[in-house]
Amino acid sequence: MTYNVQPRETLSSTISPEGSLEVLSQHEVHRLQRTSKSGQHELLRCCALAVLNCGSPTDDSLAILEAYKDFDIEVLQQDRGIRLKLTNAPAEAFVDGRMIRGIREHLSSVIRDIVYIYNEIQHHNRFDLSTAEGTTNAVFHILRKAGTLKPGRDPSLVVCWGGHSISREEYEYTKDVGYHLGLRDLDICTGCGPGAMKGPMKGANVAHAKQRRHEGRYLGISEPGIIAAEAPNPIVNELVVMPDIEKRLEAFVRLGHGIIVFPGGVGTAEEILYLLGILLHPSNQDMPFPLILTGPADSAAYFEKIDEFLVYTLGEDVRRFYTIITGDPVTVARQMRQSVDEITEFRRTHQDAFYYNWRLTIARDFQAPFEATHEAMRALALHRQQPTHELAANLRRAFSGIVSGNVKEQGIRAIEAHGPFVLNAEPELMQRLDMLLSSFVDQGRMKLDGQAYTPCYVLT
């Protein structure tokens, strides 16, 4: 693929990090330097560049890397800690030569989590990531390291999912919903990118100011491949990077007290299937977990297609786990407030933690990392002769692979080298899947920048 790259203004600087990176032992500094000089350097570089490039209208990580191919980041040791040396960084990240504070905080958070994950999670025997218990424990420790767990607060965290490529009307609707959630003292957790992830935070931010809620939470949870493509929006005041999409999704459902889904594309469908697959597990049948699918009135047809696909693949019973509300932000917020109050009473009765849902059962099919290779995508079992929660897991993997082929560097390069992913499904399921994916393309939900979409998959 050839990119028409325009020259960009850059700036070089050496900065001090913020947060937990401000106070480090010499051992921690040495470990951080070892990480930055290992194979993690390119990962750090890509994620740091995306954060510094916050506000860019493109979600093409390869185009961004090409535009700033001379950018680099280096960790420098000092007796009092570390400094970050940035070479040829995007000039938009600075004002009069000083880095914007929010961007500096996000950059520090990304480095903190990538280093912690590499040294303490992936290359340490204290966590057995091959087991459900070990994985859930690792997610907990990453969140605790980031300071995300708030044991002294009542449940209030509403997870908002949805597409980055949405219409202006849909975006304004997400702001309205966020506003009415904020008026009811609810906080926002999203994937931290643009579109439906940014709108609810903007709305809640205004409402929190009106209600004088001075400690409003705007929590963004992402993972390196997504960070590299979608920089955190500037409203995010807590940022956590998880090692992969599976642990990211687990963090959402363990932390969140309710979930709202706005219109989106394959990434949003992946998230819906992930949550429904968990709720369909026999151990979670009586677990209260509010899920609302919502958008402006014009989005009714979008949710009808989603609903039809879910009922066909997972059965009529799946409808009891979600509510569809269109064109009514106030009702969405009222219903979510009531549901969060019910969650509070349920956890108090069962003496469960408010800040982390240990009780929820998550099967290994929803925890094991899925690498979207051509072989793995072709081997997915996409048929209805299996338990519904297992079919949901395989459909989620299929959509995860499509997301990778759309926006992640590794997936984009795989498609360029070997052609589109091939998905094998039973005939009618294949037809339903094709109709759903085609509707996403027709509605322009696959790309942010308006370019013509070339599918990264074929169905056989």
Show the nearest heavy-atom pair for residues [X] and [Y], with the distance to one decimal.
X: H350; Y: R359; answer: CB-NH2, 3.2 Å
X: V236; Y: H106; answer: O-NE2, 2.9 Å
X: A196; Y: I166; answer: N-CD1, 3.4 Å
X: L107; Y: A48; answer: CD1-CB, 3.5 Å
X: R378; Y: N424; answer: O-ND2, 2.9 Å
X: I415; Y: C456; answer: CD1-O, 3.5 Å

Under the 6.0 Å and 45° cation-pi test, does R432 pair with F309? no

Cation-pi geometry met for R347 and Y355 (6.0 Å, 45°): no

Taking NZ, NE, NH1 and NH2 as the nitrogens, is one of them in [X] or [Y] under 4.0 Å from a carboxylate oxygen of the other?
X: R337; Y: D341; answer: yes
X: R45; Y: E42; answer: yes
X: D113; Y: K145; answer: no
X: E223; Y: K247; answer: no

Taking everything shown except [X] itself, do over 12 heavy atoms lie less than 6.0 Å from its [atom1]?
X: E133; atom1: CD; answer: no
X: K305; atom1: NZ; answer: no
X: E390; atom1: CD; answer: yes

Gap between atom [atom2] of [Y] and atom [atom1] of [X] - 0.5 Å precision:
X: Y457; Y: L433; atom1: OH; atom2: CG; result: 7.5 Å
X: R217; Y: S156; atom1: CZ; atom2: OG; result: 7.0 Å
X: H180; Y: M336; atom1: NE2; atom2: CE; result: 15.0 Å
X: E426; Y: Q431; atom1: CD; atom2: CD; result: 11.5 Å
X: L157; Y: I343; atom1: CG; atom2: CD1; result: 12.5 Å
X: L291; Y: F289; atom1: CG; atom2: CZ; result: 8.0 Å

Are [X] and [Y] packed together at the side-chain level, in the sense that at least one heavy-atom pair is separated by less than 4.5 angstrom?
X: V241; Y: C47; result: no
X: Q367; Y: E246; result: no
X: F399; Y: I402; result: yes
X: I142; Y: P243; result: yes
X: V422; Y: M377; result: no
X: V177; Y: L181; result: yes
X: Y322; Y: V318; result: yes
X: D352; Y: F346; result: yes

Is it the case that [X] and [Y] place a side-chain donor and acceptor less than 3.5 Å from each other?
X: R320; Y: Q285; answer: yes
X: T313; Y: R384; answer: no
X: Y218; Y: H208; answer: yes
X: Q386; Y: N394; answer: yes
X: Y356; Y: R144; answer: no
X: S404; Y: E371; answer: no
X: Y173; Y: T294; answer: yes
X: S130; Y: R364; answer: no

Decide side-chain contact (heavy atoms from CB on, under 4.5 Å) for L219 and D187; before the verdict, give the C-alpha distance in whole Å, the side-chain angles of both, and the deciding distance to 0.1 Å. CA-CA 8 Å; L219 171 60; D187 298 303; over 6 Å; no

With a 3.5 Å cut-off and sequence neighbours excluded, list the donor-acceptor pairs that the side chains of residues 260-282 form with protein atoms.
{"unit_1": "T268", "atom_1": "OG1", "unit_2": "G163", "atom_2": "N", "d": "3.4"}
{"unit_1": "E270", "atom_1": "OE2", "unit_2": "R396", "atom_2": "NH1", "d": "2.7"}
{"unit_1": "E270", "atom_1": "OE2", "unit_2": "S400", "atom_2": "OG", "d": "3.3"}
{"unit_1": "Y274", "atom_1": "OH", "unit_2": "E250", "atom_2": "N", "d": "3.3"}
{"unit_1": "H281", "atom_1": "ND1", "unit_2": "S283", "atom_2": "N", "d": "3.1"}

Would you please test I259 and V158 for side-chain contact (heavy atoms from CB on, under 4.5 Å) and show each step? CA-CA 6 Å; I259 293 183; V158 178; over 6 Å; no

Relative to the ring of F127, is the ring of H141 parallel (under 30°), tilted (30 to 60°) or perpendicular (over 60°)? perpendicular

Using a 3.5 Å distance criterion without hydrogens, assess whether the side chain of [X] forms a donor-acceptor pair with backbone atoms of [Y].
X: T174; Y: Y171; result: yes
X: R254; Y: N357; result: yes
X: D176; Y: P200; result: no
X: R248; Y: I221; result: yes
X: H389; Y: D365; result: no
X: T373; Y: A376; result: yes

Worked verdict on F354 versus T344 for side-chain contact (heavy atoms from CB on, under 4.5 Å): CA-CA 7 Å; F354 285 169; T344 303; 3.9 Å; yes

List the steps and the verdict of side-chain contact (heavy atoms from CB on, under 4.5 Å) for N284 and I362. CA-CA 9 Å; N284 298 324; I362 300 182; 5.9 Å; no

Kindly state each residue pair satisfying salt bridge (Lys or Arg N to Asp or Glu O under 4.0 Å) with at least one member in residues 160-172, sequence neighbours excluded. R168-E172, E170-R445, E172-K175

